[in-house]
Undergrad: 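What follows is a structure written as structure tokens; I'll ask about it next.
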Protein chains: 2
Amino acid sequence: MTDAPRLDRQVCFALYSASRAATALYRPLLDELGLTYPQYLVMLVLWEDEPRGVKELGGELGLDSGTLSPLLKRLESLGLVERRRSGEDERRVAIHLTPAGSALSSKAGGIPQRLAEAAGLSAEELDQLHSTLERLTSALHQSR
Amino acid sequence: MTDAPRLDRQVCFALYSASRAATALYRPLLDELGLTYPQYLVMLVLWEDEPRGVKELGGELGLDSGTLSPLLKRLESLGLVERRRSGEDERRVAIHLTPAGSALSSKAGGIPQRLAEAAGLSAEELDQLHSTLERLTSALHQSR
DNA sequence: CACAATTCAATTGTGCACAACTTATACACG
DNA sequence: CGTGTATAAGTTGTGCACAATTGAATTGTG
């Protein structure tokens, strides 16, 4: 008999579980904003700087147009975002915040705090986790 | 201007990114087995002990019947699994491995190794990451 | 300038994740 | 015994992820 891999040993499963648990915790908070977690991520990027092209958003988040195009349409129909074909380059679609979209950032302010409180980890542990995850992600991307 | 939360500070985004990067690395390996990552997780559980009820599988993986029912049907149509109504309790559906399903475990043996190699982290770091993630997940589940 | 190669966004199709609901069976309690 | 309640699995509907393809606009090169 081969030593079949065991579920409880897998870092990958631990990542998958932790990620779903974290977004599950965000869900009720984001419900108040009317956003899903991926939509919230897009808004985070736009709150930092806008307008942005679809490709640019995808670069920040690691998502492609197949995911973003319909998501952005939903944000547009929520009135948070506007999609405008760029004049200079007609291939590009620039994503602009609407006033409502900009205004939402103030309501989103307290959200990350709550995860930190629920995490049951110290600030140092969270910091270290964060930096380990970033190194892990970039290593995984490089070995493709 | 409000201090909007920043993407690059969020542990949640780091988890989400790392998780997707890890499953992306698994994908070509799992393609050889004809499995998706969640299907592979279900097989892992069954390789440890079978048969299992849908509820039981869901308990191990944190998934509900809405996710598992169609997934298990796909595993059945791949010939890896059999769904049998339990005689004692007609509500239950016991998931059995077929011979092909059992045999697949030997082909799956080397897979977790590869992630470890690609991770760019030392064994200790991986261990520590694993234990931090498990503590995090359980803390997040408790604060619901 | 012509036209091949590239780039950007959108579309199509498959398969999770998850909420809400449905159906069927088992169990508990008066 | 009968009826209400709980439980198991499945279904429906929405919204990601992601591969593969499409169509339109731009860029590079002869």
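So you know, we letter chains A, B, ... as the sequences are listed, proteins then strands, and number each from 1. The structure presented is a predicted model; accordingly, all values stated were derived computationally and were not measured.
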Undergrad: Base, sugar-phosphate or nothing for Glu56(A)? Non-hydrogen atoms, less than 4.0 Å.
TA: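 Result for Glu56(A) = nothing.
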Undergrad: Identify the heavy atoms of Gln10(B) and Pro112(A) that sit nearest to each other, and give their distance.
TA: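 Smallest interatomic distance, heavy atoms only, reads NE2-CG, 3.9 Å.
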Undergrad: Which of these nucleotides, dC16(D), dC8(C), dA19(D), is closest to any side-chain atom of Arg92(A)?
TA: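 Between dC16(D), dC8(C), dA19(D), the one nearest the side chain of Arg92(A) would be dC8(C).
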Undergrad: NZ of Lys55(A) versus P of dA10(C): gap in Å, rounded?
TA: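 The answer, rounded to whole Å, is 13 Å.
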Undergrad: State whether the side chain of Ser69(A) and the backbone N or O of Gly66(A) hold a donor-acceptor pair below 3.5 Å, judged by distance alone.
TA: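 Not confirmed, Ser69(A) side chain does not pair with Gly66(A) backbone.
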Undergrad: Checking the side chain of Trp47(A) only, and the main-chain atoms of Arg6(B) only, is there a donor and an acceptor separated by less than 3.5 Å?
TA: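 No, Trp47(A) side chain to Arg6(B) backbone: no donor-acceptor pair under 3.5 Å.
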Undergrad: Of the residues in residues 67-87 of chain B, which ones touch DNA chain C at a heavy-atom distance under 4.0 Å?
TA: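 Those residues are Thr67(B), Leu71(B), Arg74(B).
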Undergrad: Counting only side-chain N and O atoms of Gln39(B), is one of them less than 4.0 Å from OP1 or OP2 of dC16(C)?
TA: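 The answer is yes; a side-chain N or O of Gln39(B) sits under 4.0 Å from OP1 or OP2.
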Undergrad: Would you kindly give the CZ-to-P distance between Arg27(B) and dA20(D), to the nearest whole Å?
TA: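 Arg27(B) atom CZ is separated from dA20(D) atom P by 11 Å.
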Undergrad: Could you tell me whether the side chain of Arg85(A) and the main chain of Arg91(A) form a donor-acceptor pair under 3.5 Å?
TA: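 Side chain of Arg85(A) to backbone of Arg91(A), a donor-acceptor pair under 3.5 Å: yes, one is there.
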Undergrad: Counting heavy atoms from C-beta on, name the nucleotide in dA9(D), dA25(D), dA17(C) closest to the side chain of Glu90(A).
TA: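 Closest nucleotide to the Glu90(A) side chain: dA25(D).
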Undergrad: Return the minimal non-hydrogen interatomic distance between Leu35(B) and Leu75(B), and the atom names on each side.
TA: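 Nearest pair, atom of Leu35(B) first, then Leu75(B): CD2-CD2, 3.8 Å.
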Undergrad: Reading DNA chain D from 5' onward, which residue's closest nucleotide shows up sooner: Arg91(A) or Ser65(A)?
TA: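 Nearer the 5' end of the strand: Ser65(A).
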Undergrad: Please give me the minimum heavy-atom distance between Gly62(A) and Arg20(B), naming the atom from each residue.
TA: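 Taking every non-hydrogen atom into account, O-NH1, 3.1 Å.
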Undergrad: Rounded to whole Å, how long is the line connecting atom CG of Leu30(B) with atom C1' of dG15(C)?
TA: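 Atom CG in Leu30(B) sits about 14 Å away from atom C1' in dG15(C).
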Undergrad: From NE2 of His141(B) over to C1' of dC18(C), roughly how many Å is that when rounded to an integer?
TA: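 Going from NE2 in His141(B) over to C1' in dC18(C) covers 13 Å.
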Undergrad: Which nucleotide in the set dA26(C), dC16(C), dA17(D) lies at the smallest distance from any side-chain heavy atom of Thr36(B)?
TA: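 In terms of side-chain proximity for Thr36(B), the closest of dA26(C), dC16(C), dA17(D) is dC16(C).
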Undergrad: Indicate whether OP1 or OP2 belonging to dC16(D) is found under 4.0 Å from a side-chain N or O atom of Tyr16(B).
TA: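 For dC16(D), neither OP1 nor OP2 has a side-chain N or O of Tyr16(B) closer than 4.0 Å.
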Undergrad: Go nucleotide by nucleotide along DNA chain C from the 5' end; which of Asp89(B) and Thr23(A) gets its closest nucleotide reached first?
TA: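 Going by which nucleotide is closer to the 5' end, it is Thr23(A).
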Undergrad: Output, in order, the C-alpha distance, side-chain angles, deciding distance and verdict of side chain to side chain contact (heavy atoms under 4.5 Å, CB included) for Val54(B) and Ile95(B).
TA: CA-CA 7 Å; Val54(B) 174; Ile95(B) 312 298; 4.2 Å; yes
